[in-house]
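Scroll down for the structure; my scribbles are underneath it.
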Amino acid sequence: MLLSEPPPTQGDLHFRVAGIPVRVHPFFWLVTLVMGLSGRGDTPPAALVAWIVVVFVSILVHELGHALLQRKFGGRPWITLHGIGGLASCDDCDRRPSSQILISLAGPAAGFFLAAIVFAAIKLSGHHAGWTSSEVVPAGVDGVILFGVAVYFEPFASFAANEFVRNMLWVNIAWGLINLLPVYPLDGGRIAREVLTLRHPRRGIVWSYQLSAVVAGGMAL
């Protein structure tokens, strides 16, 4: 979500996925840890570990979606996970609006695909799963509420497994949908900019900023 990546530190973690370099800034772990703590400070260790794993895997998959499309369009991308999310950078990939729109869409799409895999894995394990229009999770099952829709599953025997599944569904679906809103620096804001500048290069950028401000203000209200 940052517009530029943070400077390197001695605490960075480096590795590669599918040949794409990945750097994890120390603040990524710190912010994720703080987000996983409950307001009362009594978060079970298993729930905290499940949360950190889910956020790490989900944001990495999201950025890989961007990076794989960047590479497909001729670039040599790299990924940075930082304090408030992730960033797939590429200095030499295709800058055409059509390519940039597809690259921006690839991140949320990767997250939705990961959520679908989790949902399919639940059913393959023999556990019932589904969704319904409701503001509460049905009795006798576990799940999450996603914008007025209850996505539920038959609970597992393990507390950590239920935490993991619940968080995977929440992060990859809810965060993915929010990320598509036309607000900078979200992917939806970048898509809106590319669409609005197709016919009006200069005015389109201004319009995209105005749209971003209106939508962000509406979210705040």
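Below, each value reflects all heavy atoms present in this structure, side chains not excepted, and no hydrogens, waters or symmetry copies. Position 1 is the first residue of the sequence; numbering continues from there. Here the structure is a predicted model, which is why all the values come from computation and not from measurement.
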Please check if the number of heavy atoms outside Phe113 that lie under 6.0 Å from its CZ is greater than 12.
no
Looking at residues at least two apart in the chain, or sitting in another chain, which of them share a side-chain contact (heavy atoms from CB on, under 4.5 Å) with Phe27?
His25, Leu30
For residues Thr9 and Arg23, report the shortest heavy-atom separation together with the two atoms involved.
N-NH1, 4.4 Å
Between Val53 and Val17, is there a shared hydrophobic cluster once you connect ILVMFWY residues whose side-chain heavy atoms come closer than 4.5 Å?
yes
Using every non-hydrogen atom in the two residues, find where Gly204 and Thr197 come nearest and quote the distance to one decimal.
C-CG2, 3.7 Å
Can you pull the side chain to side chain donor-acceptor pair (under 3.5 Å) pairs that have at least one residue in residues 207-217, sequence neighbours excluded?
Tyr184-Ser208
Which donor-acceptor pairs under 3.5 Å do the side chains of residues 214-221 make with protein atoms, sequence neighbours left out?
none

Go through the structure and list residues passing side-chain contact (heavy atoms from CB on, under 4.5 Å) with Leu105, not counting sequence neighbours.
Ile101, Leu180, Ile191
How long is the straight-line distance from CG of Leu198 back to CZ of Arg96, given to the nearest 0.5 Å?
12.0 Å
Could you measure the distance from the CG atom of Leu33 to the CG atom of Leu48? Nearest 0.5 Å is fine.
5.0 Å
Test item: Cys93 and Gln100 side chains (from C-beta on) under 4.5 Å apart, heavy atoms
yes
Are Ile59 and Glu63 close enough that some pair of their side-chain heavy atoms sits under 4.5 Å apart?
yes
What about Leu102 and Ile20, same hydrophobic cluster or not, with Ile/Leu/Val/Met/Phe/Trp/Tyr joined at side-chain heavy-atom distances under 4.5 Å?
no
Looking at CD1 of Ile145 and CH2 of Trp170, how far apart are the two atoms once the value is rounded to the nearest 0.5 Å?
9.5 Å
Heavy-atom closest pair, residues Ile178 and Leu186:
O-CD1, 3.4 Å
For residues 129-140, which side-chain donor-acceptor pairs fall under 3.5 Å, sequence neighbours excluded?
residue: Ser134; atom: OG; partner: Val136; partner atom: N; Å: 3.1
residue: Ser134; atom: OG; partner: Val136; partner atom: O; Å: 2.8

Return the minimal non-hydrogen interatomic distance between Ala115 and Ile173, and the atom names on each side.
CB-CG1, 3.7 Å
Would you tabulate the side-chain donor-acceptor contacts of residues 64-73 under 3.5 Å, counting partners in other chains and residues two or more places apart, or write 'none'?
residue: His66; atom: ND1; partner: Ile103; partner atom: O; Å: 2.6
residue: His66; atom: ND1; partner: Gly107; partner atom: N; Å: 3.4
residue: His66; atom: NE2; partner: His62; partner atom: NE2; Å: 3.1
residue: His66; atom: NE2; partner: Asp187; partner atom: OD1; Å: 3.4
residue: His66; atom: NE2; partner: Asp187; partner atom: OD2; Å: 3.2
residue: Gln70; atom: NE2; partner: Ala88; partner atom: O; Å: 3.2
residue: Arg71; atom: NH1; partner: Ala18; partner atom: O; Å: 2.7
residue: Arg71; atom: NH2; partner: Ala18; partner atom: O; Å: 3.4

Mind checking whether Glu194 and Ser104 have side chains closer than 4.5 Å, heavy atoms only?
no
Tell me, please, which residues at least two apart from Trp78 pass ring pair (Phe, Tyr, Trp, His ring centres under 6.0 Å).
none
Could you walk me through whether Val24 and Trp29 pass side chain to side chain contact (heavy atoms under 4.5 Å, CB included), step by step?
CA-CA 8 Å; Val24 185; Trp29 305 113; 3.5 Å; yes
If Ile, Leu, Val, Met, Phe, Trp and Tyr residues are connected whenever their side-chain heavy atoms lie under 4.5 Å apart, and connections chain through other members, are Leu13 and Ile79 in the same group?
yes
Applying side chain to side chain donor-acceptor pair (under 3.5 Å), name anything that partners Arg95, two or more places apart in sequence or on another chain.
none
Does anything in residues 141-169 form a side chain to side chain donor-acceptor pair (under 3.5 Å)? List the pairs, not counting sequence neighbours.
Asp142-Arg166, Glu163-Arg166
Applying the 4.5 Å side-chain criterion to the ILVMFWY set and letting contacts propagate, would Ile117 and Val165 be lumped into a single cluster?
no
Kindly work out whether a path of hydrophobic side-chain contacts (I/L/V/M/F/W/Y, heavy atoms less than 4.5 Å apart) joins Trp51 to Leu146.
yes
Could I get the full list of side chain to side chain donor-acceptor pair (under 3.5 Å) partners for Ser58, not counting sequence neighbours?
Asn172
Side-chain hydrophobic cluster, 4.5 Å single linkage: members besides Val206:
none
Would you please name every residue forming a side chain to side chain donor-acceptor pair (under 3.5 Å) with Ser99, sequence neighbours left out?
Asp94
Work out which heavy atom in Thr80 is nearest to a heavy atom in Pro6; give both atom names and the distance.
CG2-CD, 4.0 Å
Looking only at heavy atoms, the pair that brings Phe28 and Gly85 closest together is CD1-O, 4.0 Å
